[in-house]
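Everything on this sheet refers to the single structure shown next.
Since we're looking at a predicted model, the values are computed, not measured.
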Amino acid sequence: MRTLPEPFAAWFARRGWRPRAHQLAMLEAAQAGDSALLIAPTGGGKTLAGFLPSLIDLHRDPRPGLHTVYVSPLKALAVDIARNLLAPVEEMGLELRIETRTGDTPANRRVRQRQDPPQILLTTPESLSLLLSLPDAQEIFGSLACIVVDEVHALAGGKRGDQLALCLSRLTRLAPKARRVGLSATVAHPEAIAAWVSPDARPGGVRLVRERGGAAPALEVMLPAGRLPWGGHMGLASMPDVYARLGSAGVTIIFVNTRAQAELCFAALWRLNEDNLPIALHHGSLTVEQRRKVEAAMAAGKLRAVVATASLDLGIDWGAVDQVIQVGAPKGVARLLQRVGRANHRMDEASRAILVPANRFEVIECRAAIQAVAAGEVDGEPPRPGGLDVLAQHMLAMACHAPYHPDDLFEEVRRAQPYATLSRRDFDDTLRFVEDGGYALTAYERFRKLFRDAEGLVHVRGPQVARQLRMNLGTIVETPLLKVRLRGGPVLGEVEEWFISTLEPGDNFLFAGRLLKYERLDPTAAVVSPGGESEPRIPTYAGSRMPLSTDLARRVRAILSDPKAWRALPPPVREWLRLQQHASELPPAEGLLIETFPRGGRFFLVAYCFEGRLAHQTLGMLLTRRMERLGLAPLGFLGTDYVLAAWSAFPVTDVEALFTEDLLGEELEEWMAESSMLRRSFRNIATIAGLLEKNHPGAEKSGRQMTMSADLIYDVLRKHEPDHILLRATRAEAAAGLTDVGRIGSLLSRIQGRIRHRALERVSPLAVPALIEEGREWVSGNAEEALLAEAVALVEEATDGADHFSGALGLEEQLGPAPAPRPQRDRRTRVVRRAPRAVTGGARRVGDG
């Protein structure tokens, strides 16, 4: 099919458009009944390409019943797509219904959708799983002809993707002729994603459609006027320059990497906002009402800027966005492209983006990312095997739909790509757990959820079990959160429970763009009032870590090791690297540079690994355990995205003995057994698998209660059934994701025989940022002056004389020396940051609730 039928051709003509090649290719795939994966640049009409075959089919053969299911990773994206899809449907006079189904859908509409489904339903993985658990799922989905998965790269490889893959496999059983469509702008492993989309878990079953056109993004790096910070990753020094850019553009999205950074940057911009620009804040811990208010204002063109985290990464079609500003290094090329694509959202126009590195290492990372974009590289890991906790939840959900034979479900599950290599032993052990909890828990009635009849069919034990499942469906397990409520006013959002536990009445903290004073904790929320004069703290979140991608880390090492590549770097960074060359040496592209030096009565080790903060924190745990065994008396460590630093009472002389490949052997096993990390991981897995309940009718559990229950069960299983399926899943997840063991293993393998040890008399220039960053950030006021004073002292020490090199630091005046950084004896990364004082008056605050 190379031409469009009427009225579609006329609609394109009225808009002055012609169908793009990839849109016609998707039509041809649909005509042949083929599933397809479309990879096309942002703004190229991917969504229309995914829906066009369904619209044409329904125009030619109007019929009731569900025809197409569209699955989005975000509720807001599903709502936005529905709104955008209604316009052409109405303009062409097509007689069909398009509706959304999410957790926010009113109950009366949910009932009507079961009785009379729309032709096109837009939903999320969680809502789809719930629909499939209903007894009438066959009647709802039996007429299904197409399943569209948007932003497929954001789902494949995670637990929500595992859940969706299992749901897709069930949809294929209910509607065998339904074809699948995957849509994405950034796919690093096309064959692996095609296999994920495929009905048989093989890439050959999916037609790959690629659109390689589109204007290249226009990327630039913006440095702060004056001093370029050596350490810290908040980027607050650049906020005056960021604010200046807002005035030259219509609408700007300012992306940051963490929620704490969003609060800080919003407060800094608010303080600078003498022009009363309407600026908003958007992140996942704000209330749904606040986020929707911001999204609506953005769509209506009422905002000049919004400071956002990954909560606005995906797909919302705001064509009026003129520029994107990324504060802090992007950490991954795919993430950068996704964010850059929010600007213009038109394939044939260059998206403008400004990268704002927070420190000198981040300048190099930004340059590496720009090089990767120019080379057409996209990073990312291929989908990993599916989680057994997700499988357990799915087994119960399918029993709630209808009885099944284990052999049939096993074959169905194995047609989902994440579970294509699932062993029968793991399947049977997981099913046994769902039936009665397993050997150690079988005596407890509350864990008995399934039973088998005489023919071997698996049934749900009763309607109460089914109700409990539907109340707890989903794979998103939040860290225990508490609502933050203004005294006598609205709820502003949620923060982690542990953060509130660190506050005393009268303490100030920054949240939802406001300066707040903590008053008390009542049974339902942390009660706050407008803040006072003391310096505020910033809540941070466990889910906010973004690992530096492997591919981007490789490019950073390549730039550092090649002086010819420095020409693209600004003068302060070039001078910094030349100082490093003079005082020590530069990290190699493939090996590992380790520096040791004395400072402040301690002995420091700095390893330039470039494997990301998570891998470095795990490596630091293992490294200090080995240092203890060797009698070096380690005192603490810290991990940034770029380096690992540790300090001890005695000097390290044999660094090769610390970085051998067997570091991931006994030390890892001992640490994981002793650490609380496995307990936290078990709690999440047990919640997804149904062992713990997030929700119970009339009895909402607090995070503390759930943690205590999880700890008790964890101890019972470790003692009486150490090979329990949930313990196996916990160990596998901890090794694969929570600790980045895979990256550590690759690092240790790569560096064997390539370790360069430089025993220095003083700190090197490249080590300065890590020592400055020890649990602190670049902020304003007296706190910044103290950090700058410490920077001067460190640079004096690193360069053996501040007179010659103070210009490289970019200070207007010489600041006195400061004491050495204090070791963190408990080895925990500090997550409470100091913030600039917020201004509470002035211009409009969008989304204040």
Side-chain angles (χ1 to χ4, degrees), residues 29 32-37 66 68-71 123 125-126 128-133 137-138 140-149 152-153 155-183 189-208 382-431 434 456-458 475 729:
D34 293 342
S35 295
L37 170 62
L66 187 58
T68 296
V69 167
Y70 165 93
V71 186
T123 188
E126 292 77 16
L128 178 61
S129 182
L130 189 147
L131 286 169
L132 287 171
S133 75
Q138 178 68 65
I140 296 172
F141 294 102
S143 61
L144 192 66
C146 180
I147 310 148
V148 180
V149 181
V152 64
H153 70 280
L155 288 166
K159 291 198 176 184
R160 296 182 77 208
D162 295 345
Q163 181 183 37
L164 179 55
L166 291 168
C167 289
L168 294 179
S169 200
R170 172 49 58 107
L171 285 175
T172 297
R173 168 163 287 193
L174 299 179
K177 295 183 180 179
R179 57 189 183 84
R180 301 182 185 180
V181 173
L183 307 176
H189 304 276
E191 284 202 0
I193 299 299
W196 190 94
V197 172
S198 172
D200 59 7
R202 292 195 296 267
V206 171
R207 186 181 299 200
L208 182 60
R384 47 140 189 78
L388 298 179
D389 50 345
V390 183
L391 176 62
Q393 185 182 111
H394 183 74
M395 286 174 166
L396 182 55
M398 293 306 96
C400 293
H401 161 59
Y404 58 78
H405 195 282
D407 293 347
D408 296 333
L409 186 65
F410 179 65
E411 292 305 315
E412 178 184 316
V413 164
R414 296 245 302 182
R415 286 195 292 271
Q417 185 273 337
Y419 299 91
T421 59
L422 177 72
S423 70
R424 186 63 194 242
R425 179 204 172 199
D426 282 347
F427 176 88
D428 288 339
D429 288 352
T430 305
L431 183 58
V434 181
L457 295 179
V458 175
T475 62

How long is the straight-line distance from [atom2] of [Y] back to [atom1] of [X], given to the nearest 0.5 Å?
X	Y	atom1	atom2	result
Arg415	Arg170	CZ	CZ	10.0 Å
Cys400	Met395	SG	CE	13.5 Å
Ile140	Leu171	CD1	CG	11.0 Å
Leu409	Leu391	CG	CG	7.5 Å
Ser133	His394	OG	NE2	10.5 Å
Glu126	Cys167	CD	SG	9.0 Å

Closest heavy-atom contact between [X] and [Y]?
X	Y	answer
Ala195	Gln417	O-CB, 3.5 Å
Arg180	Ser35	N-OG, 2.9 Å
Thr430	Asp426	OG1-O, 2.7 Å
Leu37	Ile193	CD2-CG2, 3.9 Å
Val69	Leu144	CG2-CD1, 3.6 Å
Thr421	Arg414	C-NH1, 3.9 Å

Side-chain donor or acceptor of Tyr419 paired with backbone N/O of Phe410 under 3.5 Å | no

Check: Leu168 main-chain N/O paired with Thr172 side-chain donor or acceptor under 3.5 Å = yes

So do [Y] and [X] actually touch side chain to side chain, heavy atoms under 4.5 Å?
X	Y	value
Gln393	Leu166	no
Leu174	His401	yes
Thr475	Asp162	no

Would Val181 and Arg207 count as a side chain to side chain contact (heavy atoms under 4.5 Å, CB included) if you check the C-alpha gap in whole Å, the side-chain angles of each, and the deciding distance to 0.1 Å?
-> CA-CA 9 Å; Val181 173; Arg207 186 181 299 200; over 6 Å; no

Looking at residues at least two apart in the chain, or sitting in another chain, which of them share a ring-ring contact (aromatic ring centres under 6.0 Å, His included) with Phe141?
->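 If we apply the ring-ring contact (aromatic ring centres under 6.0 Å, His included) test to Phe141, skipping adjacent residues, there are no hits.
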
Could you check Asp34 against Arg179 for side chain to side chain contact (heavy atoms under 4.5 Å, CB included), going step by step and ending with a plain yes or no?
-> CA-CA 6 Å; Asp34 293 342; Arg179 57 189 183 84; over 6 Å; no

Neighbour count >12 (heavy atoms, 6.0 Å) for atom CD, Glu412 | yes

Partners passing side chain to side chain contact (heavy atoms under 4.5 Å, CB included) against Pro406 (at least two apart in sequence or in another chain) |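 Arg424, Phe427, Leu431, Arg452, Val458.
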
